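Only a predicted model underlies this, so the values are computations on that prediction, with no experimental measurement involved. Numbering of ligands and ligand atoms starts at 1, following listing order.
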Amino acid sequence: MTDFPGRQNKAVWLDEKSNVINAHGGGILSFDGGYYWYGEHKTEGWEGRLAFLGVHAYYSTDLIHWHDLGIVLKVTDDPGSPICRGCRIERPKVLHCPATGKFVMYFHSTDADHTLARRGLAVADSPQGPFHFLGAKRANAGKWPANAPVCDASLIPPEAEFVNGENDKTRRYPIYARDVAGGQMCRDMNLFVDDDGTAYHIYSSEHNSTLHIARLTPDFLDWDGYWFRVLPYAWNEGAALFKRNGWYFLLMSGCTGWNPNAARGAAAQNLAGPWFEFGNPARGDGAETTFGAQSSAVFSVGERYFAMLDCWNPENFIDSRYLWLELQFPSDDRFEMWNTPYFSLTPSEIT
Ligand code: DGJ
């Protein structure tokens with residue numbers, strides 16, 4: 001904690017006009033000396049889990065004071081559109097693509113019943129939007145993973161016979177093989193750019209049992225066909241991928257719907273693995289439920305790394321709160337996350 005007034009975690013966070021910040025399951029794009037926060041605009045009640053407006057964005061130069069940019073990807077009134085009002089738009093993440101100059105948004109695009117498991121794609125000429133929806137589809141149709149065998153999928157039961165929470169049935173079948181034809185399921189998702197500028201899409205797949213990491217084309221608009229499975233049958237959601245001192249890290253949650261669970265951490269020296277799981281990185285009171293929150297993203301400011309987490313309120317989604325925690329690194333291959341009441345940075349630390 002510093003003297004600089006920070007943000008009280010889990011309190012109602014207000015923007016510079018004193019309106020409640022509404023950007024859940026979000027992520028930060030650092031661009032041109034400023035920070036853009038994109039997230040799900042939630043509304044009242046249990047219904048509020050559905051998308052009635054779209055993706056909300058905010059801009060800040062200090063990560064504390066936020067200017068409202070409004071809804072930068074709007075739902076439509078066309079019932080045939082994947083982003084029609086009442087659909088689900090979850091976990092939007094945005095990258096700036098140096099090759100094209102465009103801003104590219106990926107999000108979990110699905111229906112009210114959460115069955116479609118597609119990647120929604122939108123682009124903009126400016127980080128302030130507006131973002132134009134380009135479509136929704138599953139990942140890497142026709143491509144086999146780089147780290148799992150080609151096998152016969154003919155005996156795998158159809159998708160409808162599986163549930164998306166932790167269970168034994170999914171483990172008995174190579175679900176990825178079933179989904180080569182139509183593309184891999186994309187649920188909770190994130191984006192990551194490596195030191196060499198190559199971008200990757202990470203998402204919960206195979207009914208949430210297994211993460212996939214898929215390399216993107218240089219324009220960031222598509223997968224290039226190289227993808228691999230990570231932590232098979234570990235049932236991870238809310239995955240955030242980041243890199244520090246040559247080590248790749250994953251911050252994740254378990255699969256318990258909107259209820260908080262113990263976070264998970266993993267480290268690797270190569271993206272494709274092996275990944276070493278080191279259990280719950282949360283420390284201190286409330287660590288067993290990650291302080292009532294679920295991971296959404298990790299961003300860095302200079303040498304410091306911060307996790308963005310959501311305290312979901314399924315009875316009234318608009319009243320879901322934010323918890324941003326600075327990560328601690330007791331060694332090069334581990335991170336920890338302590339419960340602190342404030343999120344704070346001094347102005348001189350903002351680059
Ligand atoms: C957990 C996911 O992390 C959320 O984004 C959301 O999809 C809920 N599950 C829905 O139950």
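No chain of hydrophobic side-chain contacts below 4.5 Å, direct or via other Ile, Leu, Val, Met, Phe, Trp or Tyr residues, connects W338 to F343. A single hydrophobic cluster is seen to contain both V94 and L73, as judged by linkage of ILVMFWY side chains at heavy-atom distances under 4.5 Å, directly or through other members.
Under a 4.0 Å criterion applied to the non-hydrogen atoms of R88, ligand 1 contributes the atoms 10 (C).
Cation-pi check for K169 over F162 is met; the charged atom lies under 6.0 angstrom from the ring centroid and within 45 degrees of its normal. A cation-pi arrangement is found for R119 relative to W223, the charged atom lying closer than 6.0 Å to the ring centre and inside a 45° cone about the ring normal. Relative to the six-membered ring of F329, R334 misses at least one condition, a distance below 6.0 Å or an angle of at most 45° to the axis.
Atom 5 (O) of ligand 1 has R91 NE, 2.9 Å as its closest protein atom, hydrogens excluded (heavy atom only). For atom 3 (O) of ligand 1, the closest non-hydrogen atom on the protein side is D188 OD2, 2.4 Å. Closest to atom 9 (N) of ligand 1 among all protein heavy atoms lies G257 O, 3.5 Å.
The shell of residues lying under 4.0 angstrom from ligand 1, judged by heavy atoms, includes H114. Residue contact check for ligand 1: R187 places no non-hydrogen atom closer than 4.0 Å to it.
Between the side chains of N208 and E237, at least one donor N or O sits under 3.5 Å from an acceptor N or O.
Among the atoms of Q294, some N or O lies under 3.5 angstrom from an N or O of ligand 1.
Checking E90, E40, H108, E237 against atom 7 (O) of ligand 1, the nearest heavy atom belongs to E90.
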